Structure formats: structure tokens, C-alpha cells
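Notes to accompany the following structure.
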Amino acid sequence: MDQSSTPLFTALRRHAERNPLQFHIPGHKKGRGSDAEFRAFLGDNALSIDLINIAPLDDLHQPEGIIDQAQKLAAEAFGADYSFFSVQGTSGAIMTMILSVCGPGDKIIVPRNVHKSVLSAIIFAGARPVFVAPVRDRNLGIDHGVTTTAVRRALERHPDAKAVLVINPTYFGVCANLKEIVDLVHSYDIPVLVDEAHGALIHFHDELPLSAMQAGADMAATSVHKLGGSMTQSSILNVKGNRVNPHRIQTIFSMLTTTSTSYLLLASLDTARRNLALNGRKMAEHAISLARYARREINAIPGLYCFGDDILGGEATFSYDPTKLTIHVRHLGITGYEAENWLREKFNIEIELSDMYNILALITPGDTPETVDALLRALREMSDTFYRVNEAKELVVKIPEIPQLSLTPRDAFYAETEFVPLAESAGRIIAEFIYVYPPGIPILLPGEVISQANIDYILDHLQVGLPVKGPEDPTLKYVKVIVEEPPIS
Ligand SMILES: Cc1ncc(COP(=O)(O)O)c(C=O)c1O
């Protein structure tokens, strides 16, 4: 196939150039009906291809023309049999993966540290999650992925599972041996679904971890918008082999997708695919070499630590993506959240995420030696400001144990509920999500028994200002739990 072509984007441009008289939505009609300031800021080019699924422009819900051609090119570029474009982020692609293989009562093996979209899909499907504990890194205070050994144990106990979902790479760029996990799961003839939200580039460079399609996985939700250069909210679902049914996937995708699909997002996927197919290796190379330089320099800054090859060797740490800089700031005596705010206020630098102990900075093809040096200058000053000043005490890494799931998430979600004070909720079954965003991984999910350690963990996060989200009461004073019938005496 000709990877230099962009059937979707080119057709949209030609359509706009023909300048048809439009009597259809969007009502702004090439920007003329838009707010003047917004139109001037965005430019008429963008607004002229903000179109909808009129006949010449194909339909994402049943692609037969330019969208079909663009998706076929994407499949080839990502080493898949089929690619489906998502205008609802990787969350939409993840929900589609799960709903296309799981129905009510079906088991699905998933790591406990999954993104909330996985658990939303499990609730929609009425499926039963079998949780596998991720490997916890107690030095860094982060979770890695699941190991082959843990997946093997889960399969031995639940050989009737309908799918196994793994995260590869994690938000912090760490990977277990995906190929080994895929081969193991396939020996049970069960499909492997990969959350590849943080791996859009890995397919294009052999120094990066193996991609889901390279490892032979059946489906992968890949955030082209996060690292592959397309616009925010656009993503892709790649599919391979015959354990999953592409027609069923198309149907589910369509059920979950708006009928007013954004052609700006679709065109950005088409062009990002071209760029990745033609220049992906060079783009990745650029990011890798800048990140290697940054990592070396960061590790020479007093009080900072950024893991690299030294993390390898464990079962959950088989490979890693060096372009993600996880900077451990605990030895400065500040939280990651404080570091994030300090960088914003003092240096106008925005990082990807922070937690209690770390900040995550992403080096991408969009970086230059200048941007990396600006980050390094700020980190050096942060170290000068905090390291060994006021005899800072080291923080103790606290990660609560995985809660016990006593009801399926769906049963808990739809059960009779009441609100109780969070501080007094230990022992109760929660009926809503509580998660930290980013990364969007639940501390508690519907059906789990709240422990005192969970409550302390939530309060610790709130106290330092980390973004704890999800419950109906945004102040988190009250939490929604399942009503318990008092014993009749
Ligand atoms: C591991 C993981 N999976 C899935 C998602 C969802 O991706 P999106 O924001 O494109 O819906 C995210 C988002 O941060 C994520 O971190």
C-alpha cells in the first residue's frame, strides 16, 4: 500500500476546495456561523473540514470509502489485520475491546491497576473481573504490569475466562514479557487485549518495547493522540488473528460512538498514520536520544532519581520505554504534586502527571535539545531549593493492599445505596469509583470492601492536593455504599 497517501485527509481537502453550498450540519458552515474570535483563532482551514458523514465522505459507522481506505493503511502501518478509528479516545477503543468479547457473567482477567474505562466496560457488560495484582515497586511507589507467573495462576484457576487484558507499557513506560504472556494465554485459546494507551510509538522502533501487534496480541487500543501525533481524543483499535470477530467489533464500536464523528479527528489520525509509517523510526530515534541525555543528567542532580536500564531484570520489568522520564522526588522532601506545582509556578513547565513521590515528564518527537535543557535547568534549581534544606524528612511510601471484591461491579453499581461519611465507611461495600486522575486508576471500584487503609490513602492524597475524583460527592466527605440490612432480632 502507498503509505504516503492520505485518502481521508486528501478527500476532505478536495471537498473543501470544491466549496459546495452546504445545507447540512455543522451549522457554522465553514466557520461563517462561528464565534468571530474563535474562528479567527482557529482559522478557516480547520473549520472548512469540520464536516459530517455526507455520502462523499464515508461513514465511520459503516466505512466503505475514504475512511475504509484510511483504516486499511493504518492496519498495515501498525502490523494489524484491521484497524478501527476512534473519536472517543482510547477509552472508547478499550470499551469496544471488552464488550466485543464479554457478556453478562463472563470472566475477564485484568490487572487491578487498570484505567477506569476497563471497569466501566465491565459494568456495561455485566462481566466478572478476575483481578491479577500488579507488581508493586515499593521504592518508587508505583505499580508495574502483571507477570507471566501471575497470569498463569489466574488461567489455571479460571480457564473459562473470555479474555485476558494487559497494560503494555504502563503509564511509566514499563513492560512485562508481553510475547510470553500472549503465547501462554493463546495456549488456552483465549484472546489477549492490550491497553496500549502509552505505546503509540513503540511499534516503530526496535529499541522500544515490543508492540501488542508484534507480540501477536488479538486487540490493542493504541492512543495515537497521546504520543503518535494525532489530535486529542482520536485513537485506534488494532485487531489481529481469528480469535475475535471484526464484524462484532465494528457493531460494538458503532454502538458506543457518536453519530456526529469529528472529521478533524479522523483526518488527524489519517495524517498521523502517514507520518508514523514514513518517519516513525526517525521520530522515535529523536525522542529516545533526547531522553537518554535527559536521564543521564537528571541522575547527576542531587536528590533526584530517574530509573533506566537498572530497573530491568524483574519479571514485571522486562523492558521499558526510555522516552518516559519518571523522576523520583521523594529525597527532596517534597511530594510529586508539590514538584509539579513548583515547576508550573517558577518555570511555566507543565508535566504529564505527579503522584506522592514522582513526576512524569514525557519526551516526544515534539521535543528539542532546548526544551530538554529547559527542563533540566528547572530540575537543577528544584534540587538546589529543596535538597537537604530544612533537613527534609523522607516520605514513607504507602500503597494500600488491593481491596476485596465482594460483588460484581455491575451488581454493586445498580444496588440499593446510601451515603455514609467516608471516615466511617471502613467495612462497607462501595457503589462508586474513587480514583486519582491522572492516571485514572481506581483506588476503589463498585463492589469492593472499603478498608481503613483505603480511607487513609484517600485522605493522604486529598491532604497534599492530589486530584482524587469519581464519587458523587466531589468533596469526598460522603461516599456511596450498598445498603446493609440490619440483622432482625
Ligand atoms: C493506561 C491508560 N489506558 C487508557 C487511557 C484512556 O485513554 P483516553 O484518554 O485516550 O481515553 C489512559 C488515559 O490516560 C491510560 O492512562
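Every value quoted in this text rests on a predicted model; they were computed, and no experiment measured them. Order of appearance sets the numbers: ligands from 1, and atoms from 1 within every ligand. One is the number of the first residue; the rest follow in order along the sequence.
Inclusion of S91 in the set of residues having an N or O under 3.5 Å from an N or O of ligand 1 is warranted. Any N or O atom pair closer than 3.5 Å counts here, and S117 shares no such pair with ligand 1.
Classification of the Y305-H328 ring pair by plane angle, with boundaries at 30° and 60°, yields perpendicular. Aromatic ring orientation, Y457 versus H461: tilted (interplanar angle from 30° to 60°).
Heavy-atom contacts of Y171 reach the following atoms of ligand 1: 16 (O) (cutoff under 4.0 Å). Against a heavy-atom cut-off of under 4.0 Å, K226 is close to the following atoms of ligand 1: 7 (O), 8 (P), 9 (O), 10 (O), 12 (C), 13 (C), 14 (O). Heavy-atom proximity to H225, at under 4.0 Å, picks out these atoms of ligand 1: 8 (P), 10 (O). Heavy-atom proximity to G89, at under 4.0 Å, picks out these atoms of ligand 1: 10 (O), 11 (O).
Ranked by closest heavy atom to atom 1 (C) of ligand 1, the top entry among I94, D195, L353, T222 is D195.
Heavy atoms of H198 come nearer than 4.0 angstrom to ligand 1 in at least one pair.
The pair E196-K226 does not count as a salt bridge, with every side-chain nitrogen at least 4.0 angstrom from each carboxylate oxygen. Of the charged side-chain nitrogens involved, none lies within less than 4.0 Å of a carboxylate oxygen, so that E432 and K480 do not count as a salt-bridged pair.
Of all heavy-atom pairs between H286 and P365, the closest is CD2-O, 3.6 Å.
I108 has its side chain out of reach of K162: every pair of non-hydrogen atoms, C-beta onward, lies at least 4.5 Å apart.
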